[in-house]
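Here the structure is a predicted model, which is why all the values come from computation and not from measurement.
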Amino acid sequence: MTIPHPSQCPFYLISRVTLQVTSAIKKGLADAGVTSVRPAYIGALLCLWTEDGSKTVELARCARLEPSTMTGLLDRMERDGLIFREPDPHDRRAYRIFLTDAGREVEAPVQEVTQKVLDCVFAGIAEEDLAGTMKVLQQVLGNVEEESQ
């Protein structure tokens, strides 16, 4: 397959959308005064807001990140006061990740900013088109994850 122009290259389009949406979320968080949360934290936070106290490996799986990537992310989240780690009482090699009070307090503003950005990003796109796009992106992500194993 020859790609004649960036507008016809899926990689380019996905990269540009990711950069633009990340930038909008970053600006929205700053405008909302949520300075402790970086857009990269949102996947892990969404998982922890659902299942606080997850093991590192479970959290990585939920956020669809490599465990080594998750470790660095957790280091930064801990530094920013959003989470803390405790040894798992049933597995001395594992840690459980818990939200701090600050980590719980940012849920509403982070959800609000993210939803506002997504509403803007997907304005004018029919619900069924968005659902189809989500399905395709999930398949692409699954394919990439499968290929990298």
Side-chain angles (χ1 to χ4, degrees), residues 10-149:
F11 167 76
Y12 177 80
L13 293 172
I14 290 169
S15 296
R16 293 303 309 152
V17 167
T18 299
L19 290 170
Q20 293 296 319
V21 172
T22 299
S23 179
I25 289 174
K26 187 175 182 179
K27 182 182 182 320
L29 291 171
D31 291 349
V34 183
T35 58
S36 62
V37 176
R38 312 279 182 272
Y41 300 173
I42 292 175
L45 286 170
L46 290 170
C47 294
L48 287 168
W49 290 328
T50 302
E51 187 70 38
D52 197 16
S54 296
K55 288 183 182 182
T56 304
V57 69
E58 295 166 346
L59 187 56
R61 194 174 306 116
C62 176
R64 297 184 90 156
L65 294 172
E66 292 295 321
S68 59
T69 303
M70 180 57 68
T71 299
L73 186 72
L74 293 174
D75 289 343
R76 293 187 298 281
M77 292 174 70
E78 191 168 36
R79 177 201 66 207
D80 291 341
L82 299 169
I83 58 114
F84 64 95
R85 297 177 239 206
E86 287 188 357
D88 186 314
H90 306 292
D91 181 354
R92 65 184 188 165
R93 297 167 299 154
Y95 282 86
R96 293 205 172 264
I97 313 305
F98 293 92
L99 292 161
T100 62
D101 289 342
R104 283 187 288 281
E105 289 167 3
V106 296
E107 181 178 6
V110 168
Q111 294 273 11
E112 184 178 317
V113 165
T114 303
Q115 189 60 58
K116 185 177 178 182
V117 168
L118 293 177
D119 287 347
C120 180
V121 167
F122 294 117
I125 298 174
E127 197 66 39
E128 57 273 6
D129 290 340
L130 181 56
T133 300
M134 293 288 293
K135 185 175 179 179
V136 168
L137 289 174
Q138 289 167 348
Q139 179 66 48
V140 168
L141 184 57
N143 291 347
V144 170
E145 289 172 344
E146 187 176 300
E147 183 67 27
S148 67
Q149 293 179 359

Measure across Ile25 and Val113 and return the closest heavy-atom pair with its distance rounded to 0.1 Å. O-CG1, 3.9 Å
Residues in salt bridge (Lys or Arg N to Asp or Glu O under 4.0 Å) with Asp31, at least two apart? Lys27
Which atoms form the tightest heavy-atom contact between Met77 and Leu45, and what is the distance? CE-CD2, 3.6 Å
Where the side chain of Ser23 meets the backbone of Leu19, is there a donor-acceptor pair that is under 3.5 Å apart? no
Applying disulfide (SG to SG under 2.5 Å), which residue pairs with at least one partner in residues 73-106 are found, sequence neighbours left out? none
Measure across Leu48 and Leu99 and return the closest heavy-atom pair with its distance rounded to 0.1 Å. O-CD1, 3.7 Å
The criterion is salt bridge (Lys or Arg N to Asp or Glu O under 4.0 Å); which residues satisfy it with Glu112, sequence neighbours excluded? none
Closest non-hydrogen contact found for Leu73 with Ala44 is CD2-CB, 4.0 Å
Between the CZ atom in Phe122 and the OG1 atom in Thr133, the distance rounded to the nearest 0.5 Å is 7.5 Å
Would you compute the distance between atom CZ of Arg38 and atom CG of Leu82 and round it to the nearest 0.5 angstrom? 9.0 Å
Looking at CG of Leu141 and CD of Glu146, how far apart are the two atoms once the value is rounded to the nearest 0.5 Å? 11.5 Å
Could you state the interatomic distance from CE (Met134) to CG (Asp129), rounded to the nearest 0.5 Å? 13.5 Å
Between Asp101 and Arg104, does the salt bridge (Lys or Arg N to Asp or Glu O under 4.0 Å) criterion hold? Intermediate values first, please. CA-CA 5 Å; Asp101 289 342; Arg104 283 187 288 281; 2.7 Å; yes
Would Leu46 and Gln111 count as a side-chain contact (heavy atoms from CB on, under 4.5 Å) here? Give the steps. CA-CA 9 Å; Leu46 290 170; Gln111 294 273 11; 3.6 Å; yes
Looking only at heavy atoms, which two atoms of Thr22 and Thr18 are closest? And how far apart? OG1-O, 2.7 Å
Any residue meeting side chain to side chain donor-acceptor pair (under 3.5 Å) with Gln139, in chain and number order, not counting sequence neighbours: Asn143
Spacing of CD1 belonging to Ile42 relative to CG belonging to Leu29, to within rounding of 0.5 Å: 5.5 Å
For the CD atom of Glu105 and the OG1 atom of Thr100, what is their distance to the nearest 0.5 Å? 8.0 Å
What pairs of residues pass the side chain to side chain donor-acceptor pair (under 3.5 Å) test when at least one of them lies in residues 42-67, not counting sequence neighbours? Arg64-Glu145
Quick one: disulfide (SG to SG under 2.5 Å) pairs with a partner in residues 24-118, sequence neighbours left out? Cys47-Cys62
Answer yes or no: does atom CZ of Arg79 have more than 12 heavy-atom neighbours from other residues, nucleotides or ligands under 6.0 Å? yes
Using modelled atom types only, decide if a donor and an acceptor are shared between the side chain of Arg96 and the backbone of Glu86 within a distance under 3.5 Å. no
Shortest non-hydrogen separation from Leu74 to Ile83 and the atoms involved: O-CD1, 3.6 Å
